[in-house]
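Report on one structure; see the data block that follows.
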Amino acid sequence: MVLKPRREVGFVGYGAYVPRYRLPNAEVARVWMQGQGSTPIKEKSVAGLDEDVVTMSVEAARNALSRAGPVDPNQIRAVWVGSESHPYAVKPTSTIVAEAIGATPYTQAADWEFACKAGTEAIQAAIGFVGSGMARYALAIGSDVAQARPADALEYTASAGSAAYLVGPAREALATFEGSLSYATDIPDFWRRAYQRYPSHGGRFTGQPAYFTHIVEAVRSLMECLGTEPPDYRYAVFHQPNVKFPISVAKQLGFTVEQVQSGLLVNEIGNTYAASSPLGLTAVLDIAEPGDRVLLASYGSGAGSDALSIRVTDAILERQRLAPRTRDYVTRRREVDYAIYARYSNKLVR
Amino acid sequence: MREVAVIGVGQTEVGEHWGVSLRHLALEAVQAAMADAGVVRADALYVGNMLSGELEGQEHLGALVADFAGLRGVEAFKIEAACGSGAAAVRMGYVAVAGGLADLVIVVGVEKMTDTLGPDTTAALAMAADADYEAAHGASFVTLNALVMRRYMHQYGYGHQDFAPFAVNAHQNALANPYAMFRFPVSSEKFRRARMISDPINLLDSSPICDGAAAVVLAPLGETRHQSMATVGIAASAVGTDTLAVHDRNDPLVLAGAELSSQRAYNAAGVRPADIDLFELHDAFTIMAALSLEAAGFADRGRGLALAADGEIGIEGRIPVTTMGGLKARGHPVGATGVYQIVEVVQQLRGLAGENQVPNARVGMAQNIGGSGATVITHILERI
Amino acid sequence: MNSVPRNWRLRQQRYRLVGEICESCGVRIFPPRDVCPECETMEQKEVAFSGRGEVYSYSTVYHPPRGFEEFAPYTVALVRLEEGPLVTAQLTDLDSEQVKIGMSVEMVTRRMQSGGEEGPIVYGYKFRPAIQPAAA
């Protein structure tokens, strides 16, 4: 069940990006609930007028390359961008990103889609690509500008962000890859049909049979295969559609709140979809120390979970400061009201 | 080379001519100039125009205007150098007559800018800038001038209000010009409160979007002497160029093209700045007036504003500028402006500028600028 | 001008600030122009600029040209790159009242034009205040 390549590989670089605008949940509640009712998080990130999955991916990718040391972008044989909000329906995001970071033309550019786990599946594929010896480096990015129907529960959390991982040989890595496992079944908990602006979802059905079952099964099976236990991990990062779910799933699996706290960004930036757990991991890597073990589990509706186990190397210490840290973006904050949010997220008809 | 005289001038009122098309504006100016010169034919017609293709869907103005002005069959071309198109056409007329290739040339500058909506006109004017590296970044033409103005203020320590004298003077001079678009005064206080366009440039720093046409008739000096009026000769016609993009300039606060153009004109005419009795400068924006005064040698760098503040740019001042309202208040129908300037200098040198007459005007200079300083055409005219 | 081939042709400049170094006199050139403006030779080598620079001047556009209406008001600046050249570009991720001449900025890749609902999206360089490290 476990997915592990023959060659030792790891993350050679990583990079985060979060836009600077924030919409407080209280603003959403003011507009749709007269300020009443509980709100799932404090505030969410909002992409600016000139931002989209391409621009956010480019910045996260540049940060990943800044941390990769002397890697020539021409040696990156894959640039893969996972998202459910690619700016074009037809026309790859990945070629634009590849061109912008100087990885063209000898590179395998492709876009991935699997709701909120499009980023981790790109990471897994990159691990396979490098682990097989087909490529020295492969770049995997999870990125979204998530759209939510006005007044829908998702409007409180659907946000924007991006995280990029450069996968390469273990000897150059700041964290080596120990193994991964994917768990997928057919479950229509959340979807968006072609030509529709906003997704639909199954309400509470998205919880127990969907999010919880898939993450729990993926993580349990992975730890079984690797012979690890929750206490072996300094940090654990779970997909974070709200504050409650990741903490609850952590407890179910035997992790403590302390283990998930460092990678839990949702209260401050919302659910960045394909970037959600990957951004949690960049926040952890920003503060990790050599020898730390980290567990990552994504969740994508539809549904599946990718679980990965990594171990941080000595190289982490010199790489952390080579690009802005996740926290630098999270604290770069400009609050907007619902009207500006509506303008920025293209909800006003002109 | 033969010496060249301006033997006739004509102009339309500058404004929003909703009922008049481009070809009829041109016709009106051409006929006025021909009547003034007392001629009924010409060897060539040069049309200065910038935006007819973009705003009117009409190029090929040479033949069109020739036909509609009753000059069918004559040699005719459109000449384009952005906002400097008018003077560029005058320059070509001058070249033709001075070189002996034509004995009677009509030059008309014409622009029709009000048939399109604001954002389209704004985008069209930005064609004077570098399309790939300025306009593509959302820089309007106003913005490019605003960038220069902000830096000028920063570098020399001026406030926005220090630019007011240029607008106040232009509006004052437009009052008595029946062809001017804005025949009302503007106070320094009104200047301060004007609506922002692209900061620090506000509405009263800026010349207006408008329609208009102006024409001159050129002939060899001495051969076609006007019976009733003083003869005005072209003592110099000179061009200087600079980079199209502001960011490519060695110093964005220096109009190097205008320095070249002015020097060449002074040398050709054998005069110095002190000999110039009035200066029709290119005040598309107040900052351009300041930079023009500096480039033409009337003020040191960073001191163009001081000249205006000291009242030296008024009709009775040391160097009167925009004596009929300038681009700011007479109006700036872009491709026509350079010809309006020549018409106005001729009015002054003939002594027919009415209330705006510069006393004892003998030598007048007109400087027309294409883009934010890339093409600069200077003419020095002299009463014979 | 949202022309597909034209924007495509400029992608190296737009995405990565690829300019030139004159191998004859050493001057740094952006945008690339093949003939050196200093020494008039044609011995140019392509080089991607760092994207770091400072604001030389700026202006906020309230009346945008056609094609830029959705972004207005926006700020256009002349940015002095650390390699020397001045570049005209928009500033982003800032409120206009924050801008100062001399402010440090860094290049980011953003949407320059959105292409409406159906057209091609134009991406290219803008500059923003350099990211500040968060307080520990």
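When reading the values below, keep in mind they use all heavy atoms of this one structure, side chains included, and skip hydrogens, waters and symmetry mates. Quick note on labels: first sequence line is chain A, next is B, and so on, each numbered from 1.
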Is it the side chain or the backbone of Glu117(C) that comes within 4.5 Å of chain A heavy atoms, both, or neither?
side chain
Considering non-hydrogen atoms only, spot the tightest contact between Pro133(C) and Arg325(A) and give its length.
CB-NH2, 4.5 Å
If you round to the nearest 0.5 Å, how far is OG1 of Thr109(C) from CD1 of Ile96(A)?
11.0 Å
Are Arg111(C) and Pro87(A) close enough that some pair of their side-chain heavy atoms sits under 4.5 Å apart?
yes
With a 4.5 angstrom heavy-atom cut-off, could you sort out which part of Tyr123(C) is near chain A: side chain, backbone, both or neither?
side chain
Which portion of Gln12(C) sits near chain A, non-hydrogen atoms under 4.5 angstrom:
side chain
Separation between CZ of Arg20(A) and CG of Leu94(C), rounded to the nearest 0.5 Å:
6.5 Å
Between Tyr344(A) and chain C, which part of the residue has a heavy atom less than 4.5 Å away: side chain, backbone, both or neither?
neither
Quick check on the structure: residues of residues 47-68 of chain A within a heavy-atom distance below 4.5 Å of chain C, by number.
Leu49(A), Asp50(A), Glu51(A), Asp52(A), Val54(A), Thr55(A), Val58(A), Glu59(A), Arg62(A)
Residue part contacting chain A, namely of Ile131(C), when any heavy atom lies under 4.5 Å
side chain
Closest heavy-atom pair and its distance - Arg110(C), Tyr17(A)
NH2-OH, 3.0 Å
So which part of Ile101(A) gets closer than 4.5 Å to some heavy atom of chain C, the side chain, the backbone, both or neither?
backbone
Quick check: are there more than 12 heavy atoms from other residues, nucleotides or ligands sitting under 6.0 Å from CZ of Arg193(A)?
no
Distance, nearest 0.5 Å, that separates CZ of Arg16(C) from CD of Glu99(A)
7.5 Å
CA sep, side-chain torsions, deciding dist, call: Asp93(C), Arg332(A), side chain to side chain contact (heavy atoms under 4.5 Å, CB included)
CA-CA 10 Å; Asp93(C) 284 6; Arg332(A) 186 186 69 132; 2.8 Å; yes
Chain C contact via Arg321(A) - side chain, backbone, both or neither, heavy atoms under 4.5 Å:
neither
